[in-house]
Each structure stands twice: as structure tokens, then as C-alpha cells.
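Heads up, the thing below is written out as C-alpha cells.
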2 protein chains.
Amino acid sequence: MFQLDFKSGVPICDQIVNGFIKLKALGVLKGGDQLPSVRALASKFSVNPNTVQKSYAILEANGIIYSVKGKGSFISDDETSANAVLESAKREFIAAIKHATDLGLSTNEMINLIKQNSTAKEDT
Amino acid sequence: MFQLDFKSGVPICDQIVNGFIKLKALGVLKGGDQLPSVRALASKFSVNPNTVQKSYAILEANGIIYSVKGKGSFISDDETSANAVLESAKREFIAAIKHATDLGLSTNEMINLIKQNSTAKEDT
DNA sequence: TGAACTGTACTATTTCAATTAGTACAGTTA
DNA sequence: TAACTGTACTAATTGAAATAGTACAGTTCA
């Protein structure tokens, strides 16, 4: 399970969302896996249940999980979900490219930084 | 001159900082060029002078401009400044790479996105 | 010298999003 | 029925960002 950084300035809500996205991308969580209940996770993180619930709502809106009233929340297993995450990752990365370009970074420098820093696989 | 987006959620202060960094990276502003006075820019943007002053203080702390009491604020022309901007751009881009990796983007996909989206020059 | 600029410093107030707090309702399971 | 689950809603709190106002110090130029 991921951890929260209360000093980072990043909203708790977003950190929880990103935490589950990451766990799914890494394959730690797979389709059908049940998430902790809203109340259980809130208790574990010492955070308000409403904050967790908001995170779950965002995850569901993005098709990453699905929630069933009375049963719980589960990792969705359809391709759509994985694609949605990838597409949003691409959009965010493109924004980062534009920002770096604005600051004077060349394409070659960016590519070198990727080769030096990425722990991702060569192919997907 | 750049524009502000009051709806973006990005602090005004940061937008002003990034605006000048961008103008310098693009070569629109060069070493020795004088910036608008704190009060003039605040008036132009319909923003509080304190907000602009905070931006200038950040720019000066990063070596991008220098301020002289009673005279004004100027773009610094030493190499240190350009390097400082590049270094911070690199740090931000590395953070973006790690985030994208977390979300499941492969190195090849990232490199392709750069080739498709960057308007930066091949070399620096 | 003095008026009109410039940057800088400081405190108080306002504003707004994020979070917290509390309660309530509905569906599932045993 | 009891105990769990998600969901919905309003109100209060918190903290960062921005605003407001004032004051002081250095520069420029008539």
C-alpha cells in the first residue's frame, strides 16, 4: 500500500487517487480486487472518510474502479480503464513537455533525461 | 508580454514567475532588460503589488533577475541564471517522467510523445 | 532640495479550496 | 436484525494565496 505525504501540498484526495492508479499500473492490484472500505482506509490514513470517498468517486468516474452499494469498491478489469489511465498519463506528459520546452530544454536533453531516469520497460 | 489565467488555479505569483522565465528562454527578454516596476505590472494585471513583488523576489532568489533599490528590476545576464533555469526545468521534467512511469507509460512512448509534441530545437 | 519614481518590509484582512465533522439513507451479507 | 458496505448532504475548520494599507530606503532629475 502507498503512503501519504501531508507536507507535500498535494491534496490528500489526489494522493489517494494516484496511489491506486500506480498500484494498478504496477500490477499489484488487478481487476476484481477489492479496495479497503471508505471507512477502513480513512481510519488507516487518519483521514476523514469523506476525503477517501471523494477519491473513490474520482477513480470510479475515470473507470479505474467500480463501486457497489453495500458490497464495496473493486478494481475494474476492462481494457477501457487501463486505456483511460494511459491517455491521461499522456496528456499530463505532453503538458510537461511543453513546460520544459518553454524553459529552454531541447528535445535531445529531454530524451536523455528519460533514458537516464525512467525505470519503465522499453516497450508496452 | 504574457497573460494571466485567473481561473486556472495556478497561483498568480507562479504564473508571473513562469511568464518571465519563458520570455527569457524565448529570447524576448535579454540580460540587462528592465522589467516593469512592481506597481506598474500590478496595475496592468489588476493585481495587488505585493503579489508582483513576491514574484520578483522569487525570480531574484533564482538568479533570473536582479533588483536595485530605487532603480528597478532587470534581467540578469550571467550564465548562472540560464543554468539555474535549465536545472530547475530538468528537475521538473524528471518528476514528470517518474509520474508518467508510475501511470504505466513506457520510455518509447514518452520519447515518441516528445518527438511529436516538442517545438524545441534538436540541440542546445 | 524636493518631487516622483524605484524596491522592500511588515501586519492585518479577505477569500477560497481542501479537509474535517457529523448525520442520514440505501443496499448487502450472514 | 446487526453489522457491514457505498453515497449524499450541510456546516465548520483550516491554511495558503491574494489583497489592502502603510511605511521606509535608495535613485533620478528638474
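Numbers restart at 1 for each chain; the letters A, B, ... are given by sequence-line order, proteins then strands.
The one candidate from A:V28, A:N18, A:L35, A:I75 that meets the side chain to side chain contact (heavy atoms under 4.5 Å, CB included) condition with A:L23 is A:V28.
Using a 4.0 Å heavy-atom cutoff across all strands shown, B:E60 reaches sugar-phosphate atoms only and no base atom.
Remark: P of C:dG7 and CG of B:N50 are 13 Å apart, rounded to the nearest angstrom. In this structure, A:Y56 places its OH atom 7 Å from P of D:dG6, rounding to the nearest Å. Note: CD (A:Q53) to C1' (D:dA8) measures 7 Å, nearest angstrom. With rounding to whole Å, B:F74 atom CZ is found 13 Å from D:dG26 atom C1'. The CD atom of A:Q34 sits 11 Å away from the C1' atom of C:dT28 (whole-angstrom rounding). Atom CZ of B:R39 and atom C1' of D:dG26 are 12 Å apart (whole Å). Between B:K69 atom NZ and D:dC24 atom P there is a gap of 13 Å when expressed in whole angstrom units. In this structure, the CG atom of B:L59 is 11 Å from the P atom of C:dT8, given to the nearest Å.
The side chain of A:S37 places no N or O atom within less than 4.0 Å of a non-bridging phosphate oxygen (OP1 or OP2) of D:dC4. Using a 4.0 Å cut-off, some side-chain N or O of B:K71 falls inside it from OP1 or OP2 of D:dT28. For D:dG6, the OP1/OP2 oxygens have a side-chain nitrogen or oxygen of A:S73 closer than 4.0 Å. Taking side-chain N and O atoms only, B:T51 has no distance below 4.0 Å to OP1 or OP2 of D:dA17.
Under the 4.5 Å side-chain criterion, counting only non-hydrogen atoms from C-beta, A:I65 is not in contact with A:K24. Between A:D102 and B:I21, every side-chain heavy-atom pair lies at or beyond the 4.5 Å cut-off.
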Might you work through the side chain to side chain contact (heavy atoms under 4.5 Å, CB included) test for A:L86 and B:L105, ending with a clear yes or no? CA-CA 7 Å; A:L86 264 187; B:L105 225 55; 3.4 Å; yes
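Comparing A:G70 and A:P11 against DNA chain C, the residue whose closest nucleotide sits nearer the 5' end is A:P11.
Ring-centre distance between A:F45 and A:F6: not below the 6.0 Å cut-off.
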